[in-house]
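Protein chains get the first letters and strands the later ones, always in sequence-line order, with residue 1 at the start of each.
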Protein chains: 2
Amino acid sequence: MYSKATLFDEHLSRLADAAKALSHPARLMILSVLAKRGTCICGDIVDELPLAQASVSRHLKVLKEAGLIQGEIDGQRSCYCIDGKSVERLRTELGQYLEELPGAEGACC
Amino acid sequence: MYSKATLFDEHLSRLADAAKALSHPARLMILSVLAKRGTCICGDIVDELPLAQASVSRHLKVLKEAGLIQGEIDGQRSCYCIDGKSVERLRTELGQYLEELPGAEGACC
DNA sequence: CCCATTAATCGTATAATTACGATTATAGAA
DNA sequence: TTCTATAATCGTAATTATACGATTAATGGG
């Protein structure tokens, strides 16, 4: 109906999508768990999160679609890890975007 | 029903909320417009966005609640500007969080 | 072959987000 | 006072996100 994709600049849309991937504490927690433990099977993550397996699986999917993690099937498990390159790229782009916002130091008007 | 606020670590919840404020291209665009023009009245922003006045007003509210912009009533207008300190703080915190995610360079498993 | 384990997906319910037009409230101009 | 301009809010509709339990699919063990 109302299409963000066409109404807004491509770059802004991509950045917004990336921010959205980070916009839920469960997803940040998953990233932290992966960072701490290196490589995890899904169950490891489920054990550390206060959510049901199905919910964690969804969050993993969101992170994977955003490219922030990799996941591959390993036997009957699924193995996840952080995609360091993507995270780094996001960190740079987001940081750059925020840095280029001058921000009038004083009060408004 | 399911309370993010209590289920997750306070720091992660705050970071996620901040990311959520950045998770819509209209809001990023508003920040860009404010950065470019310094200080704006609401109408200036409405003129530059492909959205109705009511919608822009809502996005402004979200940004204000997240502390990323300041807004004050100036006569019959409303005057907005970026809150440079908050943006800088967010940039630092988000950057730090992402930087501390090691990210196993190689493949998964 | 049968069973257990693992994790993705389905079905569904609820909540949050987003959008618009219409309305309201305020302040300045005439 | 009355009219205009500005911007917030209301009411509502549509979409998206989130959660859970149940189911499914696939692998490996016995």
(request) May I ask you to say what B:A52 touches in the nucleic acid, namely base, sugar-phosphate or nothing, with a heavy-atom cut-off under 4.0 Å? (result) sugar-phosphate

(request) Please collect all ring pair (Phe, Tyr, Trp, His ring centres under 6.0 Å) contacts where either partner lies in residues 51-74 of chain B, sequence neighbours excluded, each pair once. (result) B:H24-B:H59

(request) List the atom of B:V87, the atom of B:L68, and the distance in Å for their closest heavy-atom pair. (result) CG2-O, 3.9 Å

(request) Sorted by first residue and then second, give each ring pair (Phe, Tyr, Trp, His ring centres under 6.0 Å) pair with at least one member in residues 35-57 of chain B; sequence neighbours left out. (result) none

(message) Any residue in residues 40-47 of chain A with a heavy atom nearer than 4.0 angstrom to DNA chain C? Just list them by number, or reply none.
(response) A:I41, A:C42, A:G43

(message) Does this structure show an ion pair linking B:E88 with B:K85, if we count only N-O contacts that are shorter than 4.0 Å?
(response) no

(message) For C:dA15 and A:H24 - does any side-chain N or O of the residue sit under 4.0 Å from the phosphate oxygens OP1/OP2?
(response) no

(message) Protein within reach of the bases, or only the backbone? For nucleotides 24-30 of chain D, mark each nucleotide 5' to 3' as B, S or -, using heavy atoms under 4.0 Å.
(response) ---BS--

(message) Nearest to the B:R77 side chain among D:dA22, D:dA7, C:dA19, which nucleotide is it?
(response) D:dA7

(request) Name the nucleic acid region contacted by B:K64, choosing base, sugar-phosphate or nothing; use a 4.0 angstrom heavy-atom cut-off, strictly under. (result) nothing

(message) If the condition is disulfide (SG to SG under 2.5 Å), which residues does A:C79 pass it with, not counting sequence neighbours?
(response) B:C109

Please set out all donor-acceptor pairs under 3.5 angstrom arising from side-chain atoms of residues 43-54 of chain A, sequence neighbours excluded.
residue	atom	partner	partner atom	Å
A:D44	OD2	A:I41	N	3.2
A:E48	OE1	A:K36	NZ	3.3
A:E48	OE2	A:R37	NH1	2.9

(message) Regarding B:S78, tell me which of base, sugar-phosphate or nothing describes its non-hydrogen contacts under 4.0 Å with the strands shown.
(response) sugar-phosphate

